[in-house]
Amino acid sequence: MKSKNKNICLLPWLHVFADSKGGLIPCCLYREQAGEKSFNLHKSEDLKNYWSSQQLKSLRQQFLDGEKPIGCQACFEHEEAGIPSYRQGQSQLLKSTIDEATDFSIDPPYQPVSFDLRLGNICNLKCNMCGPHSSKLILKDLLKEDPTRAQLEEFKSYMNINWFEKEEIWNQLLSSQGQIMQIHLTGGEPLIMPEVEVLLRMLIKKNLSKQIILSFNSNVTTLRDSTTRLFNSFKGVKIHASIDAIGKLSEFIRYPSNWDKVKNNIEELASKRLQYNIIEFQIHSTIQNENIFQLPTLLEFIESQDYLNFDEFNFFPLEGPPWHNIRYLPDSIKNEVRKKYSLAKYGKNILQSVLKIMDQGKEDPNMFRQFKNLTLKRCSERGFNWDELAPEYMDFFTSPN
């Protein structure tokens, strides 16, 4: 029986997400619930066990019944704010690519046809809102700050992520063969990760590449010929460039990037789409406390570039760490954000959606205090002046409360 309810999400039927440590959950936005069993690609049999697990069956059934699963609330919150959600976008993509997207009567249904993979935590940046799961540079800093962390199991797991080195895992992942439609890669930084290049060459060698759309979340700080020249062997390539601000603020948030180089790479990819086999190029912005005031400036930049437009812009409200989450900003700061957005020339609909997300939470003075202290510490260590990066915060950062 096919389901026609408006809440349906095809990801639990067709999509596998594996985080940088090989952990399996329904998607990158899923909020894991207490008591849920853990599955990990370190155990090659876990993919099959996960796909037919009771908790994934339960999630599928909730969607069939028209419910909104608790773990999937991020997408529904985005939709309530007028933002196209990941659920909607991926379900539409899968529907348009497969005539009969899924047969809900099969248990377990279908082989996975969509993969979202993090092949480790190799990255060239230390983004302020990121962690050791996605950047070995952050891991190195944390261990330097407190060497005893090296004895913690969590940190040990970040030091040697190697699930993707096991041949039997790839045999399972690629067993769908003729059905695989898309593979999304992030990291770490996928355009510099040797493991990503190894995977692309493996897909080409197995004669699977021409049926697969590659998708990358990338900081676009580095374009390597050895990776980009493989793009034309695939059905198409999507580049989602992670850009949160322009100029010095961009360099502060995604430290230690160089804005001029990033800007040049954006132009290179976006203006030469045919050459790179790019079927979609988008700016993806993570909205958080550091860039909440400067979003209008980023939108002005997009408007000023001939090779970009607002249809190719998407934003994602940061969920955590909570001290960067705009939902917990003091009400006085939220009011200043509203004032600034009311004066913006471009992207009014985008800005209104951001405000709706911001208003979903209550102010938390403790969270703001953590944000302020950490931001000033980072500025001092890296040679930035916060008053120049985000002058709207000046009075709130000097206030003792």
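- With respect to Glu77 and Arg31, a salt bridge is recorded, a charged nitrogen being found less than 4.0 Å from a carboxylate O.
- Close placement of the Phe216 and Phe231 rings is indicated, their centers lying within 6.0 Å of each other.
- Side-chain atoms of Glu79 and Lys68, non-hydrogen and from C-beta on, never get closer than 4.5 Å to each other.
- The six-membered or imidazole ring of Phe301 lies near that of Trp259, with a centre-to-centre distance under 6.0 Å.
- Taking every heavy atom of both residues into account, Gly187 and Met193 meet most closely at CA-SD, 4.2 Å.
- Residues Asn124 and Glu189 have side chains that never bring a donor and an acceptor to within less than 3.5 angstrom of each other.
- A donor-acceptor contact under 3.5 angstrom links the side chains of Ser157 and Lys21, judged on distance only.
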How far apart are the C-alpha atoms of His284 and Phe316, what are their side-chain angles, what is the distance that settles it, and do they pass the ring-ring contact (aromatic ring centres under 6.0 Å, His included) test?
-> CA-CA 7 Å; His284 282 193; Phe316 300 88; 4.9 Å; yes
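- At a threshold of 4.5 Å between non-hydrogen side-chain atoms, the residues Tyr255 and Leu125 do not count as touching.
- Asp331 CG: more than 12 foreign heavy atoms inside a 6.0 Å radius.
- Heavy-atom contacts from other residues, nucleotides or ligands closer than 6.0 Å to CG of Asp146 number more than 12.
- The backbone N or O of Glu165 sits nowhere less than 3.5 Å from a side-chain atom of Asn162 that would complete a donor-acceptor pair.
- In the model, Thr227 has a side-chain atom that pairs as donor or acceptor with a side-chain atom of Glu197 under 3.5 Å.
- Distance OG/Ser233 to CD1/Ile212: 11.5 Å, rounded to 0.5 Å.
- Side-chain contact, Gln182 with Ser215: no donor N or O sits under 3.5 Å from an acceptor N or O.
- Distance CZ/Arg201 to CG/Leu230: 4.5 Å, rounded to 0.5 Å.
- Defined by atom type and a distance below 3.5 Å, a donor-acceptor pair is present between the side-chain atoms of Gln294 and Glu392.
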Go through Phe368 and Phe397 one step at a time and tell me if the side chain to side chain contact (heavy atoms under 4.5 Å, CB included) criterion holds.
-> CA-CA 10 Å; Phe368 183 69; Phe397 268 46; 3.8 Å; yes
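- Using cut-offs of 30° and 60° for the angle between ring planes, the Phe155 and Tyr158 rings count as perpendicular.
- Using a cutoff of 4.0 Å between basic side-chain nitrogens and carboxylate oxygens, Arg273 and Glu267 are not scored as salt-bridged.
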Could you go through the side chain to side chain contact (heavy atoms under 4.5 Å, CB included) check for Leu208 and Met202 one step at a time?
-> CA-CA 9 Å; Leu208 296 174; Met202 181 195 306; over 6 Å; no
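- Each of Glu388, Glu381, Arg382 was compared with Phe384 under the side-chain contact (heavy atoms from CB on, under 4.5 Å) criterion, and only Arg382 meets it.
- With respect to Arg149 and Glu154, no salt bridge is recorded, no charged nitrogen being found less than 4.0 Å from a carboxylate O.
- Tested against Arg378, the residues Thr375, Leu376, Leu374 include a single side-chain contact (heavy atoms from CB on, under 4.5 Å) partner, Leu374.
- Checked against a 6.0 Å centroid threshold, the rings of Phe293 and Tyr393 count as neighbours.
- Ring orientation note: the planes of Tyr86 and His15 are nearly perpendicular, at an angle over 60° on the 30°/60° scale.
- Inter-residue side-chain proximity for Asn314 and Ser285 is flagged as unmet; no heavy-atom pair is nearer than 4.5 Å.
- The backbone N or O of Thr186 sits nowhere less than 3.5 Å from a side-chain atom of Asn217 that would complete a donor-acceptor pair.
- A donor-acceptor distance shorter than 3.5 angstrom exists from the side chain of Lys348 to the backbone of Ser342, with no hydrogens or angles considered.
- Between Trp386 and Phe371, the ring-plane angle classifies as perpendicular under the 30° and 60° cut-offs.
- The heavy-atom pair separating Met358 from Lys334 by the smallest distance is O-NZ, 3.1 Å.
- Between Phe310 and Tyr346, the ring-plane angle classifies as tilted under the 30° and 60° cut-offs.
- Using modelled atom types, one finds a donor on one side chain and an acceptor on the other under 3.5 Å when comparing Tyr30 with Glu36.
- Between Lys248 and Glu251, at least one side-chain nitrogen of the basic residue sits less than 4.0 Å from a carboxylate oxygen of the acidic one, meeting the salt-bridge criterion.
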Can you list the steps and then say if Gln370 with Asn366 is a side-chain hydrogen bond (donor to acceptor under 3.5 Å, both in side chains)?
-> CA-CA 6 Å; Gln370 288 187 59; Asn366 290 328; over 6 Å; no
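- Counting heavy atoms from C-beta on, the side chains of Asn291 and Leu298 never come closer than 4.5 Å.
- By the ring-ring contact (aromatic ring centres under 6.0 Å, His included) test, His78 is found to be paired with no residue, residues two or more places apart in sequence or in another chain being considered.
- Between the side chains of Glu268 and Asn264, not a single donor N or O lies within less than 3.5 Å of an accepting N or O.
- Electrostatic pairing of Asp364 and Arg369 does not count as a salt bridge here, judged by no charged N lying under 4.0 Å from a carboxylate O.
- Taking the six-membered ring for Trp and thresholds of 30 and 60 degrees, His184 and His240 have ring planes inclined between 30 and 60 degrees apart.
- With 3.5 Å as the limit, one finds a donor-acceptor pair spanning the side chains of Glu290 and Asn128.
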